[in-house]
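To keep things clear, I will list the structure first and then write my remarks on it.
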Amino acid sequence: MTQPARPDPARTTRVRPGQPGRLAERRLTGGARRNVRRLASSATGPPRPRHPVPGWMVVSAGLPPVLATGGWLIADAVQPASYSPIRKTVSVLAGHAGTDRWIMTGALFLIGGCQLVTAAGLAGIPVPARIVLGVAGLSSIGIAASPEPVRGSTQQHLAWTALGAVALAVWPAFVARRAPPRPLILSSYGRAVVIAVFVVLLGWLVIETQGGSDLGLAERVFLSTETCWPFIVAIALWQTTG
């Protein structure tokens with residue numbers, strides 16, 4: 001009679017309580033083991049959405065329109081009755097002829113700083129767009145650092161003002177989402193509409209500088225509107241997860 005083969009002690013592993021699962025996992029290949037771990041981690045809940053821009057950048061992009069509009073509203077309120085916000089520019093509020101000029105000067109410094117921070121953190125758009133936004137931020141700081149005299153203006157102040165206005169007006173032309181999905185506001189059609197509106201506002205501002213009676217109004221509408229656009233872009237990118 002043939003006797004049953006005895007188990008080879010060298011190939012037999014004594015299984016202790018709690019070890020079957022570990023032995024089974026050891027028999028898995030490296031790829032299968034990673035799949036098991038991935039499934040186990042997914043069972044704990046859905047992955048957190050990833051945003052192309054950080055949350056702090058959305059805050060820095062949202063502050064300039066608040067600072068710009070709030071700045072000239074508060075500064076207007078402390079000016080004498082002879083000051084007309086329809087005819088007089090925001091630069092007068094930050095100039096040597098303005099009452100409590102520190103209000104608008106501080107607002108311009110903060111606007112420029114926020115725009116520089118936004119340009120550094122807005123990674124969802126091309127580098128040229130971030131550079132142009134940085135130029136707008138530097139221009140705001142330059143305007144604040146070169147206040148208008150009591151009468152007239154200076155070449156330095158006019159240069160910073162013109163550079164900042166052009167940078168804000170043309171900035172939407174450089175903004176485009178690098179990879180899909182692309183929000184509608186950042187599509188070619190959306191950017192074309194925004195560029196057209198900004199060019200019209202810039203044209204109105206330039207016309208008013210030629211002796212117009214609504215220069216202050218044109219500048220305020222231009223400033224408050226165009227400082228909103230980086231915030232809109234930041235929100236559109238924030239809502240686009242990837």
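Any value given below was found using the heavy atoms of this structure, including those in side chains, with hydrogens, waters and symmetry copies removed. The chain is numbered in sequence order, starting from 1.
L217 and I74 are assigned to two separate hydrophobic clusters, defined by single-linkage of ILVMFWY side chains at heavy-atom distances under 4.5 Å. Hydrophobic clustering (side-chain heavy atoms under 4.5 Å, transitive across Ile, Leu, Val, Met, Phe, Trp, Tyr) keeps M57 apart from V66. Tracing side-chain contacts under 4.5 Å through hydrophobic residues (I, L, V, M, F, W, Y), one reaches W102 starting from V78; they form part of the same cluster. Cluster membership check: I232 shares its hydrophobic cluster with V197, using side-chain heavy-atom separations under 4.5 Å among Ile, Leu, Val, Met, Phe, Trp and Tyr. Hydrophobic clustering (side-chain heavy atoms under 4.5 Å, transitive across Ile, Leu, Val, Met, Phe, Trp, Tyr) keeps I111 apart from V221.
Partners of R101 under the salt bridge (Lys or Arg N to Asp or Glu O under 4.0 Å) rule, at least two apart in sequence or in another chain, do not exist in this structure. With sequence neighbours excluded, the residues satisfying side-chain hydrogen bond (donor to acceptor under 3.5 Å, both in side chains) with S224 are T69, W72.
Smallest separation of non-hydrogen atoms from S146 and H157: O-ND1, 2.8 Å. Heavy atoms only, all atoms of each residue included: P128 and F174 are closest at CB-CD2, 4.0 Å. Nearest heavy atom pair, residue Q79 against residue T99, reads NE2-O, 2.9 Å. Annotation for L138 and W160: closest pair O-CZ3, 3.8 Å, computed over non-hydrogen atoms. The two residues C114 and L67 come nearest to each other via the heavy atoms SG-CD1, 4.3 Å. Nearest heavy atom pair, residue R130 against residue L122, reads CD-O, 3.2 Å.
In this structure, the separation between CG on L163 and CD1 on I143 is 8.5 Å, given to the nearest 0.5 Å. From T161, atom OG1 reaches atom CG of L205 across 9.5 Å, with rounding to the nearest 0.5 Å. Interatomic distance, L73 CG to M104 CE, rounded to the nearest 0.5 Å: 9.5 Å. Atom CD of E148 is separated from atom OG1 of T154 by 7.5 Å, given to the nearest 0.5 angstrom. Atom-to-atom distance recorded for L201:CG and L223:CG is 11.5 Å, nearest 0.5 angstrom. Between I103 atom CD1 and L108 atom CG the span is 12.0 Å, to the nearest 0.5 Å.
Residue pairs meeting the salt bridge (Lys or Arg N to Asp or Glu O under 4.0 Å) criterion with at least one partner in residues 65-86, sequence neighbours excluded, are D76-R220. Annotation: salt bridge (Lys or Arg N to Asp or Glu O under 4.0 Å) contacts involving residues 223-236, sequence neighbours excluded, are absent. Listed by first and then second residue, the side-chain hydrogen bond (donor to acceptor under 3.5 Å, both in side chains) pairs that reach into residues 131-141 come to none, sequence neighbours excluded. Sorted by first and then second residue, the side-chain hydrogen bond (donor to acceptor under 3.5 Å, both in side chains) pairs with a member in residues 201-210 read W204-E208; sequence neighbours excluded.
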| task | Under the side-chain contact (heavy atoms from CB on, under 4.5 Å) rule, what do T225 and F198 come out as? Steps first, then yes or no, please. | result | CA-CA 9 Å; T225 301; F198 282 14; 4.1 Å; yes

| query | Given W229 and L168, is the side-chain contact (heavy atoms from CB on, under 4.5 Å) satisfied, shown in steps? | reply | CA-CA 9 Å; W229 183 244; L168 286 175; over 6 Å; no

| side-chain contact (heavy atoms from CB on, under 4.5 Å) evaluation trace for I125 with L133 | CA-CA 11 Å; I125 61 174; L133 184 59; 5.8 Å; no

| query | Stepwise, does the side-chain contact (heavy atoms from CB on, under 4.5 Å) test hold for V166 with V135? | reply | CA-CA 10 Å; V166 173; V135 170; over 6 Å; no

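Side chains of I141 and L116 form a contact here, defined as non-hydrogen atoms less than 4.5 Å apart. In this structure the side chain of V117 reaches within 4.5 angstrom of the side chain of W56, judged on heavy atoms. No side-chain heavy atom of L110 sits less than 4.5 Å from a side-chain heavy atom of L63.
Proximity of a side-chain donor or acceptor of E219 to a complementary backbone N or O of V90 within less than 3.5 Å is detected.
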